[in-house]
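Protein chains get the first letters and strands the later ones, always in sequence-line order, with residue 1 at the start of each. Keep in mind that what you see is a predicted model, and the values were worked out from it rather than measured.
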There are 2 protein chains.
Amino acid sequence: MDTFKTGELSVEAKTTIQMEGAKTPHLYTVSSGMGVRYKTLENGRRQVINFIMPGDFVGLQAGVMGEAGHSIESTTPMVLCTFQRQDLWRLFQSYPSRAYDLVWLAASEEAFLGQSLATVGQRSGIERVSWALLKLYGRLDQLGLTKGNSVSLPYRQQDLADALGLSLVHTNKTLSELRSRKMADWSNGALTILDREALQSTAMMEAEERGPRPLM
Amino acid sequence: MDTFKTGELSVEAKTTIQMEGAKTPHLYTVSSGMGVRYKTLENGRRQVINFIMPGDFVGLQAGVMGEAGHSIESTTPMVLCTFQRQDLWRLFQSYPSRAYDLVWLAASEEAFLGQSLATVGQRSGIERVSWALLKLYGRLDQLGLTKGNSVSLPYRQQDLADALGLSLVHTNKTLSELRSRKMADWSNGALTILDREALQSTAMMEAEERGPRPLM
DNA sequence: CGCCCACTTGAGGAATGTCAATCTCCGTGG
DNA sequence: CCACGGAGATTGACATTCCTCAAGTGGGCG
């Protein structure tokens, strides 16, 4: 993939990397740092589509369709490798196996969005929060960023609320409910899983095995 | 694409075409008929992910990942063209432009799911229903299936409710609200758009231009 | 004729949202 | 060193949307 790399982008925390509707979107691979993908509605409400973590490949949708469908913002300082849109087509002609990996990534993303949709549409507040904390922890665990059963999670409660379609206040109360039940504790930027079994059962979510995942 | 076609599948209404978790999923192109893609949670609740209409290419996610992430059910009688999973890889090697179309489709699907997520997560009941009716009408219009400002819409209210994360009762009451406001009327299997402007403004949704769309 | 499915309607209750005040950090300027 | 201000988290009181339960209607089909 290094052939296609055109540059490196370093941004501070709370920087907008891509705006919804941008016509010349870039493609990125995340080297380090974390962020969010989100959409903003006319009424100002915000839906967080996904949380962005190291290793993620972002902007494929925007790259293929020519217009970004969502905004991207850094939460912590981030470093990203950038690619050109037009190189995408070159990749398809020259490296079919890389192209296949790309569809694999797109399909995974679609699968994840389907799960999110089911969560937001059909689960109660405490189920949604449990589900999200497990998902977040799982991804960070896979990256080897956990220590014991804790992990640094630099987002705000507002971000989680906007991802789950809950109000900030309700999210806060739900988080403290999980804390008092000794199931999970997210405070001071660190998430600790205290009782995975209980979390999984209230989230109504079965443990899932993780296959290999192509890196871009 | 005919090279890859391996058969044709005709099913009656209310037939399950693919089950969530199926290990040998097929790929399909819809020739005629309509259906739904959905996920079922442990508690029995159902999330409709998308409505399937003629021309849709379904099962890409399942085909690439090797396991279906959702079920597919016909609502009306349907005719589908079937493809083999293993041919997907062959396609990538031999027809990069077709492969590129495939990513395009995957990206569109992802974009649509993002919009759905924002709708279910951030909009109120009446906003969600308005949004959904406009989306459904728009897709059918593009297929040339509309007459005047009406179109046949064979789904049940329960299907719409499950797509929007609302209860059947509330969906029903919201539909009759839209009817009494003379904005839209969906009854007896036909959807009529009575006041597009009003629908768009309550859905908080701007009109969108539609580009060409690859057929598979 | 009678059943089943989808749709409809009313009443009451629970989950979640909104508003508003307070608290705790933490960085900055004086 | 301390006052000030802002961002995020927390909490209480109240409002409202939406859900659940329950009953009833109407059409299609065996």
Does a salt bridge link A/E177 with A/R181, judged by any charged N lying under 4.0 Å from a carboxylate O? yes
Side-chain H-bond candidate by donor/acceptor type, A/T146 with A/D141, under 3.5 Å: yes
Specify the separation, in whole Å, of atom CG of B/L168 and atom P of C/dT9. 13 Å
Using a cut-off of strictly less than 4.0 Å, decide whether B/R179 has a side-chain nitrogen or oxygen near OP1 or OP2 of C/dT8. yes
Atom-pair distance (NE2 on A/H170; C1' on D/dC18), nearest Å: 13 Å
Give A/R128 one of three labels, base, sugar-phosphate or nothing, depending on what nucleic acid heavy atoms sit under 4.0 Å from its own. nothing
Looking at A/E8 and A/K5, is there a salt bridge between them, counting it only when a charged N and a carboxylate O are closer than 4.0 Å? yes
Need to verify one output field. Residue with the more 5' nearest nucleotide on DNA chain C, A/G125 or A/V169? A/G125
Judged by modelled atom types alone, do B/D162 and A/Q122 share a side-chain donor-acceptor pair under 3.5 Å? no
Rounded to whole Å, how long is the line connecting atom CG of B/L178 with atom P of C/dT8? 12 Å
Distance, rounded to the nearest Å, where A/L175 contributes CG and D/dT11 contributes C1': 14 Å
Answer with base, sugar-phosphate or nothing: what part of the nucleic acid does B/G165 contact at a heavy-atom distance below 4.0 Å? sugar-phosphate
Checking D/dA7, D/dT20, C/dT18 against the side chain of B/R45 (C-beta onward), the nearest is D/dT20
Between C/dG17 (P) and A/I126 (CD1): distance, integer Å: 14 Å
Does D/dT10 have OP1 or OP2 under 4.0 Å away from a side-chain N or O of A/Q157? yes
Spacing of A/K173 atom NZ relative to C/dT16 atom C1', expressed in whole Å: 10 Å
Taking only side-chain N and O atoms of B/N172, does any of them lie within less than 4.0 angstrom of OP1 or OP2 on C/dT8? yes
Applying side-chain contact (heavy atoms from CB on, under 4.5 Å) to B/I72 and B/T16, what does each step give before you reach the verdict? CA-CA 6 Å; B/I72 301 180; B/T16 298; over 6 Å; no
Spacing between A/E177 atom CD and C/dT16 atom P, to the nearest angstrom: 12 Å
For B/L166, report the nucleic acid contact type (base, sugar-phosphate, nothing); a contact means any heavy atom under 4.0 Å. sugar-phosphate
May I have the distance from B/L160 (atom CG) to D/dC18 (atom C1'), rounded to whole angstrom? 15 Å
NA contact type, A/S187, heavy-atom cut-off 4.0 Å: base, sugar-phosphate, or nothing? nothing
